[in-house]
Amino acid sequence: QVQLVESGGGLVQPGESLKLSCAASGFQFSITNIHWFRQAPGKQRELVATITPKSLTNYADSVKGRFTASRDNAKNTAYLQMSSLQPEDTAVYYCHESYFGQWGQGTQVTVSS
């Protein structure tokens, strides 16, 4: 059974950091691209970051220089380190694998003073 489980969300103040995790199971994680999306209330889901099996990364312009995607293929886990968070980063964050098309359940990130 293909499964992705996100964790690490929470409430932080502007300027603070969070690190999200995406634990994968049921497929060959080490050969699969992993994508991070987010969806803010009333907005469409948007692609935030992509990491390839060899850890090549790509980011949306809105997070470039602040967010860093990484992965540990031995642990079947992907990460999204988010720094200098701003209120506009508030959203539910999802990880997604593009081979089977599976999504995680999402984790809420709220940035507020």
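Keep in mind that this is a model prediction, so the values were computed, not measured. Scope of the values below: all heavy atoms of this structure, side chains included, with no hydrogens, waters or symmetry mates.
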Closest heavy-atom pair and its distance - [X], [Y]:
X	Y	result
V5	Q105	CA-OE1, 3.6 Å
E97	Y99	OE1-N, 2.8 Å
I34	A78	CG2-CB, 3.9 Å
Q86	G15	NE2-N, 4.0 Å
P53	S30	CB-O, 3.1 Å

Gap separating the [atom1] atom of [X] from the [atom2] atom of [Y], nearest 0.5 angstrom:
X	Y	atom1	atom2	value
Y59	W36	OH	CH2	11.5 Å
R38	C95	CZ	SG	15.5 Å
D89	S62	CG	OG	7.5 Å
L20	E6	CG	CD	8.5 Å
L80	T57	CG	OG1	10.5 Å

Without swapping roles, check the side chain of [X] against the backbone of [Y] for a donor-acceptor pair under 3.5 Å.
X	Y	answer
T77	N73	no
R71	F29	yes
Q13	E16	no
Q28	T32	no
R66	S84	yes
Q81	F67	no

Would you check, one step at a time, whether the test side chain to side chain donor-acceptor pair (under 3.5 Å) holds for T110 with Q108? CA-CA 6 Å; T110 302; Q108 176 70 48; 3.3 Å; yes

Give me the one residue out of I51, T50, N58 that meets side-chain contact (heavy atoms from CB on, under 4.5 Å) with H35.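 Exactly one option meets the side-chain contact (heavy atoms from CB on, under 4.5 Å) with H35, and it is T50.
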
In terms of heavy-atom contacts, does CD of Q44 have more than 12 from other residues, nucleotides or ligands at under 6.0 Å?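 Counting neighbours around CD of Q44, 12 or fewer heavy atoms of other residues, nucleotides or ligands fall under 6.0 Å, so no.
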
Flag if over 12 foreign heavy atoms under 6.0 Å of NZ, K54: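 No, because the 6.0 Å sphere around NZ of K54 holds 12 heavy atoms or fewer from other groups.
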
Are the aromatic ring centres of F37 and W103 under 6.0 angstrom apart?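 Yes; W103 has its ring centre under 6.0 Å from that of F37.
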
Hphob cluster co-occupancy, Y94 + L4, side-chain heavy atoms under 4.5 angstrom: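 Different clusters: Y94 never reaches L4 through Ile, Leu, Val, Met, Phe, Trp or Tyr contacts under 4.5 Å.
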
